[in-house]
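Everything below concerns the one structure shown next.
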There are 2 protein chains.
Amino acid sequence: MSKAAETRQMILQKSFELIYRQGYQATSIDNILATTQVTKGAFFYHFKSKDEMGLALINEVLYPGMYANMVTPLIDARDPINQIYAMVRNLLIKIPFLRAKYGCPAINLIEELAPLKEDFRKALVRLTEQWQDAIAQTIEHGKEDNQIRIDVNSKHAACFIVAGYAGIRNMGKAMGSACYTPYLLELKNYLQLME
Amino acid sequence: MSKAAETRQMILQKSFELIYRQGYQATSIDNILATTQVTKGAFFYHFKSKDEMGLALINEVLYPGMYANMVTPLIDARDPINQIYAMVRNLLIKIPFLRAKYGCPAINLIEELAPLKEDFRKALVRLTEQWQDAIAQTIEHGKEDNQIRIDVNSKHAACFIVAGYAGIRNMGKAMGSACYTPYLLELKNYLQLME
DNA sequence: TCTAATACATACCAATTAGTATGTTTATGC
DNA sequence: GCATAAACATACTAATTGGTATGTATTAGA
């Protein structure tokens, strides 16, 4: 990677962390410059505007991260129910970068920007749909293997599961990680009713 | 109500609507002044700061609204499962003021402000806990009436239900109200497994 | 090695932010 | 009706915002 590409990546990475903790609008460009030690000239050389940087951040940082943690663990699932549960559990309590207090980066961005910026909304919908599809497919595989009842509607269930995750991430921002435990216990109950 | 009290109430009401659509930080005081036709002098006569107004808004507008739509419908529930379902359904599709695109006012505020402002967080936790308690109590009543299986953990279930609502409200901001239907169908499934 | 584009640096700008200082009007109790 | 405080109005401020104008290094290809 060229030096310039490294600078660009570093800006995206640090901005991602700041925005995760503070929100997109509350994170000023000057704030980013101060923590990256990059000058304004460099920033606006790599990105036409703050929004262009934000979009790049979604596609180049958020998307790969979500794919690795939310889609990959489901590929070729041999034990769909437990793998879905494990994936959600891992997201909640096994990724050190993600803190209950700050929620989930993708959910945060949807909350803040979906109603305000159409291009952000579209980019974030793609993320959500990809995760939801991966879950639905996993459930379908489970049905083929007779591990999941055939009357389970995989798309409805996937929607329900994604909503639950998004919601507990929101709740965790207010209540702390303590609320993850009852949620996970009940998620397990819900999932086991599918078999 | 005195004229001054009316002014105060009007500021809170209009600010609530603006903040619901734009977010708290994105709604400037000047923006509020422009839509309320109130002058800066009047605003700062009634509220020491923007944050004091925001807190008053939670306690005097958000709280009563949430109580009426989220707690009252559950009081003396004779048919707990269907009443819980009906309450969630009403929240999602029967309150004209709430638009899928803009989500739920309380959830929005938690997302944006819980990590940033401790006093906002506390006020919003009170709201959430009250709703969760009301749902848990309703489930307990259902257990006493033999309408709900005694092995259902009411607190876990209440947490799971609240999380689901919060999450689908988030999803709706990105995807629109179309995602409410699959969610509600699966919620009904989940709830019926309790009886 | 020279050139020219790439990659960055500095200084600025107009608009907006929450908040204040200093008024003037309006209502209320006596 | 009159004093007094409550209720509002206007003009300002210092800080911050995203973005630009105009520079200077650095690097890669001919």
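Quick note on labels: first sequence line is chain A, next is B, and so on, each numbered from 1.
In terms of hydrophobic clustering, with Ile, Leu, Val, Met, Phe, Trp and Tyr side chains grouped at heavy-atom distances under 4.5 Å, B/M194 and B/I150 are assigned to different clusters.
Residues from residues 39-48 of chain B with heavy atoms under 4.0 angstrom of DNA chain C, sorted by number: B/K40, B/F44. Across residues 115-123 of chain A, not one residue has a non-hydrogen atom less than 4.0 Å from an atom of DNA chain D.
Look at A/E140 and A/K143 and you find a salt bridge, because one of the NZ, NE, NH1 or NH2 atoms lies within 4.0 Å of a carboxylate O, short of that distance. In summary, A/R121 and A/E118 engage in a salt bridge, as defined by a charged side-chain N under 4.0 Å from a carboxylate O.
For A/Y24, the ring-ring contact (aromatic ring centres under 6.0 Å, His included) criterion is met by A/F120, not counting sequence neighbours.
Between B/Y24 atom OH and C/dT17 atom C1' there is a gap of 13 Å when expressed in whole angstrom units. Rounded to whole Å, atom C1' of D/dG18 lies 14 Å from atom CD of A/E52. When the P atom of D/dT13 is taken as reference, atom CG of B/D30 falls 16 Å away, rounded to whole Å. As a whole-Å value, the separation of A/Q25 CD from C/dT16 P is 15 Å.
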Can you check side-chain contact (heavy atoms from CB on, under 4.5 Å) on B/I135 and B/V162, steps first, answer last? CA-CA 9 Å; B/I135 294 172; B/V162 170; 3.8 Å; yes

Start with the C-alpha gap between A/Y190 and B/E186, add the side-chain angles, then the distance that decides, and say whether side-chain hydrogen bond (donor to acceptor under 3.5 Å, both in side chains) holds. CA-CA 10 Å; A/Y190 163 72; B/E186 197 64 12; 2.7 Å; yes

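Within the 3.5 Å criterion, the main-chain N or O of B/L193 finds a donor-acceptor partner in the side chain of B/R149.
For the 3.5 Å distance criterion, the side chains of A/Y180 and A/R169 qualify, holding a donor opposite an acceptor.
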